[in-house]
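The structure appears right after this line, and notes come after that.
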Protein chains: 2
Amino acid sequence: MKRVKGPQRAPTETDVAKLAGVSQSAVSRAFTPGASVAKKTRERILEAAKTLGYQTNLMARSLATRRSNIVALAISNLENPFYAQVAKELSERLRDTGRHILLFTTSADGTADPELEKVLSYQVDALILTATIPSHGLTAQCQKNGIPIVQINRESKISGISTVRGENQRAAEQVAEFLIAGGHKKFGLIGGAKGSNTSQIRQEAFVGHLKILGFPSVKIAYGDYSFQGAAAATRQLLDLDNPVDAIFCASDYMAFAALDVVKREFGLRVPEDISIVGVDDVPEASHSAYDLTTYSQPAASLAEEAIKIIDQQIAHPGRRAQRREVRGQLILRGSARLPNHSVFTIAGKKIWQP
Amino acid sequence: MKRVKGPQRAPTETDVAKLAGVSQSAVSRAFTPGASVAKKTRERILEAAKTLGYQTNLMARSLATRRSNIVALAISNLENPFYAQVAKELSERLRDTGRHILLFTTSADGTADPELEKVLSYQVDALILTATIPSHGLTAQCQKNGIPIVQINRESKISGISTVRGENQRAAEQVAEFLIAGGHKKFGLIGGAKGSNTSQIRQEAFVGHLKILGFPSVKIAYGDYSFQGAAAATRQLLDLDNPVDAIFCASDYMAFAALDVVKREFGLRVPEDISIVGVDDVPEASHSAYDLTTYSQPAASLAEEAIKIIDQQIAHPGRRAQRREVRGQLILRGSARLPNHSVFTIAGKKIWQP
DNA sequence: GTGGTTTTTGCATACGCATGCAAGAACTAA
DNA sequence: TTAGTTCTTGCATGCGTATGCAAAAACCAC
């Protein structure tokens, strides 16, 4: 009795062909939808493939077809549940169309990661970035090779890059109005990274809108999108001579840190003493531990739109980059004081309709 | 003036060779560490490559070398911050050795996902599973082709699969002792999925140890590792005629749900009325919102060990599967009553040393 | 300068799959 | 039955890189 030892090589189309008594090309066609194979032959081939345990070698296929069915996903903040959720949504949607994600965790937000340049080596079909800005070189290369780039949750001035984002401006403005309606007077904002334009847009809209409405002085600190950074930023805003009584955070994740500091270190009551509002509406925001009022930015829609853009760009390579905005809404919970007017409860959900 | 239109094909080694005035093989060697190329030639080639923006085509390379430098990672619970963290750690460590992650988000815990079978098509060098059990077919195929499989945080009876896990048994026993020392008498446990052996081991150890110590009756409910599931399980344990006053949860993520329900729905004070203990010590556990007492299971170490195993298996294909246990410790925070003896504070950290 | 040793280089081929082309098989209509 | 169609099939080649082998070049010692 002979025992098989050591790793064997996986069966190839040639192996299958031999067993089924056909040519390698026939086998290839049997696995190519729409190719010309007789029904009977096809069955014979599939059976042979099954008994051998044959699986298409996608490396070889992609070498021949110049399509890998792999999409690169660059994430800087996987510990932020928002991006974890985006990753999950993307993964599931891509899977449904037979594609998979090659994961790149980039270091900091903002600047480009040299590691990311290697993306092209993998012959990916597209590149999705969350909270990451690609280098000029990478962008140029992708453009040249017709690889679409989509940024999620970041604007980009670079013309070749498509964009999917939430309602940054409207979110900031509505939060501003909401906090004013709640009776607040001393506003603070915790931005993300200074280089992040998403954060910047929200900041400008928040500050600008408050100014229009009669509150010209908004205190600003930066949390760098990290938990620790946001905690430090919160301390900054509360250690002022005239500390703020309402904080708008550029992400839920940072808002969690703000809540922590506000309650534990400063002993403040939320929302009686201070209101905290975030952006994203991650699942944790609804946990009673945080119970965070926030402007939502639905990960599922972001993922969906991003993939739509990719597919369009692949189908029509010439087409120019797109910018899409996904709708969100203000989710009223317990971390911000409710205005005593214009708040309605519909189907158990609180709505603010000024 | 001629404008370049449409996507161009990426430059190949042949292109570089032509520009540098050498053969394609020379270019290949210039990019292969340890290959025989004259220093001068190499420089000329690298320069040519640079001006053309050449990047190795990894599909072609992996076709020729039979190594893809891609590791498949299957994750069922990306929304659980513990696994997000594991993914991050894995990604960073693999990146340092020039490898990348192909992400598979599998559906439920426990059973095999047919989608995962496609893993082999990508010619991955290894397969890392978190909270996922591969099908027999997949396992067999991997064995045959010499592709190592490592499970993180799950045991496996299957002989071909390596395992990296935390101290499941010790964690459960120590938590049991700790809760007894805290004066608790009515114990509950929230398990993960019924099919999860990790959960089962913890359950048996917890129940068994409590029995030895004189508490034979432990109430059990299953949270299926999901937030909603754990919330329901908590209700179950508290709706009993004789409700529990201490709950051990098979994961921090589920413990968060338990805390939520206990506080919001039942109005209980933690830890005065009830103690909640988790396992994992995810970053969120230290947030004051949860302030969760938990037995740690360091993601970084899990990732590190998993990769070590992979590398060993690749280096020595014959070697048999390994099982490793990563050490953790009981992290004392505010969600569980402290015993009034044997608790010490060292460097700001509370330690329980019975 | 010579013979021998070591390094460097190119040629040819393999990796596994896809696909244009032409030959062969099957089928249709008269 | 035959000529004309339509389907199937195999052959040959290409995708971009790696590598064994032998030829060429460079180097070395005397």
Side-chain angles (χ1 to χ4, degrees), chain A residues 7-46 48-49 52-70 98 118 120-125 145, chain B residues 7-46 48-49 52-70 98 118 120-125 145:
Chain A
Q8 298 186 315
R9 339 180 352 164
T12 70
E13 289 194 343
T14 311
D15 298 326
V16 177
K18 219 167 281 174
L19 181 60
V22 294
S23 73
Q24 175 265 322
S25 10
V27 179
S28 172
R29 284 190 250 264
F31 285 98
T32 307
S36 165
V37 209
K39 204 171 181 180
K40 232 178 148 178
T41 322
R42 176 195 205 79
E43 281 168 10
R44 200 146 36 93
I45 291 174
L46 290 185
L52 289 181
Y54 168 77
Q55 298 238 143
T56 305
N57 181 330
L58 291 184
M59 298 294 168
R61 168 177 290 178
S62 85
L63 183 60
T65 59
R66 301 156 167 299
R67 297 190 88 252
S68 61
N69 284 324
I70 292 179
K118 291 188 188 153
L120 291 172
S121 294
Y122 285 98
Q123 314 297 112
V124 298
D125 291 346
N145 300 347
Chain B
Q8 298 185 314
R9 339 181 350 173
T12 70
E13 290 194 342
T14 311
D15 298 326
V16 177
K18 219 167 279 170
L19 181 59
V22 294
S23 73
Q24 174 265 322
S25 8
V27 179
S28 172
R29 283 191 252 264
F31 285 99
T32 307
S36 166
V37 209
K39 204 170 180 181
K40 233 177 146 178
T41 324
R42 176 196 205 78
E43 281 167 10
R44 199 147 36 95
I45 291 174
L46 291 185
L52 289 182
Y54 167 77
Q55 300 239 144
T56 304
N57 181 328
L58 290 184
M59 298 295 169
R61 168 175 289 178
S62 85
L63 183 59
T65 60
R66 301 156 169 299
R67 298 190 86 253
S68 61
N69 284 325
I70 292 179
K118 289 185 190 155
L120 290 173
S121 294
Y122 286 97
Q123 315 298 111
V124 297
D125 291 346
N145 299 347

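Order of the sequence lines fixes the chain letters, A, B, ..., with proteins taken first and strands second; residue numbering starts at 1 for each chain.
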Notebook entry, point to check: Taking OP1 and OP2 of D:dT8, is either one under 4.0 Å from a side-chain nitrogen or oxygen of A:S36?
Noted result: yes
Margin query: In the structure I gave you, are the side-chain heavy atoms of A:D15 and A:R9 within less than 4.5 Å of one another anywhere?
Written below: no
Check: How long is the line joining OH of B:Y122 and P of C:dC17, in whole Å?
Finding: 15 Å
Notebook entry, point to check: Could you give the NZ-to-C1' distance, from B:K39 to C:dT7, as a whole number of Å?
Noted result: 15 Å
Next item on the list: Report the distance from atom CD1 of B:I45 to atom C1' of C:dT9, rounded to the nearest whole Å.
Entry: 10 Å
Notebook entry, point to check: Can you find a pair of side-chain heavy atoms, one from A:L58 and one from B:Q123, that are under 4.5 Å apart?
Noted result: no
Notebook entry, point to check: Given C:dC17, is OP1 or OP2 found less than 4.0 Å from the side-chain N or O atoms of A:Y54?
Noted result: yes
Item checked: Flag side-chain contact, heavy atom, 4.5 Å: B:T12 against B:V27 -> no
Checklist line | Phosphate OP1/OP2 of C:dG16 contacted by A:T12 side-chain N/O (<4.0 Å) | finding: no
Next item on the list: Assess whether side chain to side chain donor-acceptor pair (under 3.5 Å) is satisfied between B:S121 and A:Q55, documenting all intermediate values.
Entry: CA-CA 6 Å; B:S121 294; A:Q55 298 238 143; 3.2 Å; yes
Item checked: Distance, rounded to the nearest Å, where A:L63 contributes CG and C:dA18 contributes C1' -> 10 Å
Margin query: With a 4.0 Å limit, can you tell me whether B:S28 has a side-chain N or O closer than that to the phosphate oxygens OP1/OP2 of D:dT17?
Written below: no
Check: Considering only heavy atoms and no angle criterion, is a donor-acceptor pair shorter than 3.5 Å present between the side chain of A:E13 and the base of C:dA18?
Finding: no
Next item on the list: Please report, rounded to the nearest Å, how far the P atom of C:dT19 is from the CZ atom of A:F31.
Entry: 15 Å
Item checked: B:R29 vs B:L58, nearer the 5' end of DNA chain D by closest nucleotide -> B:L58
Check: If you find the nucleotide of DNA chain C closest to B:A38 and the one closest to B:R66, which residue's nucleotide is nearer the 5' end?
Finding: B:A38
Checklist line | Minimum-distance nucleotide to B:T41 side chain [options: C:dT8, D:dC11, C:dG16] | finding: C:dT8
Next item on the list: Give A:V37 one of three labels, base, sugar-phosphate or nothing, depending on what nucleic acid heavy atoms sit under 4.0 Å from its own.
Entry: sugar-phosphate
Item checked: Per A:N57 side chain, nearest of listed nucleotides C:dG10, C:dC17, C:dA18 -> C:dC17
Checklist line | Spacing of A:D15 atom CG relative to C:dG16 atom C1', expressed in whole Å | finding: 10 Å
Next item on the list: In whole angstrom, give the distance that lies between atom NZ of A:K40 and atom P of C:dA26.
Entry: 10 Å
Checklist line | Side-chain (B:R44) to main-chain (B:A20) donor-acceptor, under 3.5 angstrom | finding: yes
Next item on the list: Grab the CD-P distance between A:Q24 and D:dG14 for me, whole Å please.
Entry: 15 Å
Note to self: Pick the closest DNA chain C nucleotide for B:G21 and for A:S25 by heavy atoms, then say which residue is nearer the 5' end.
What the structure shows: B:G21
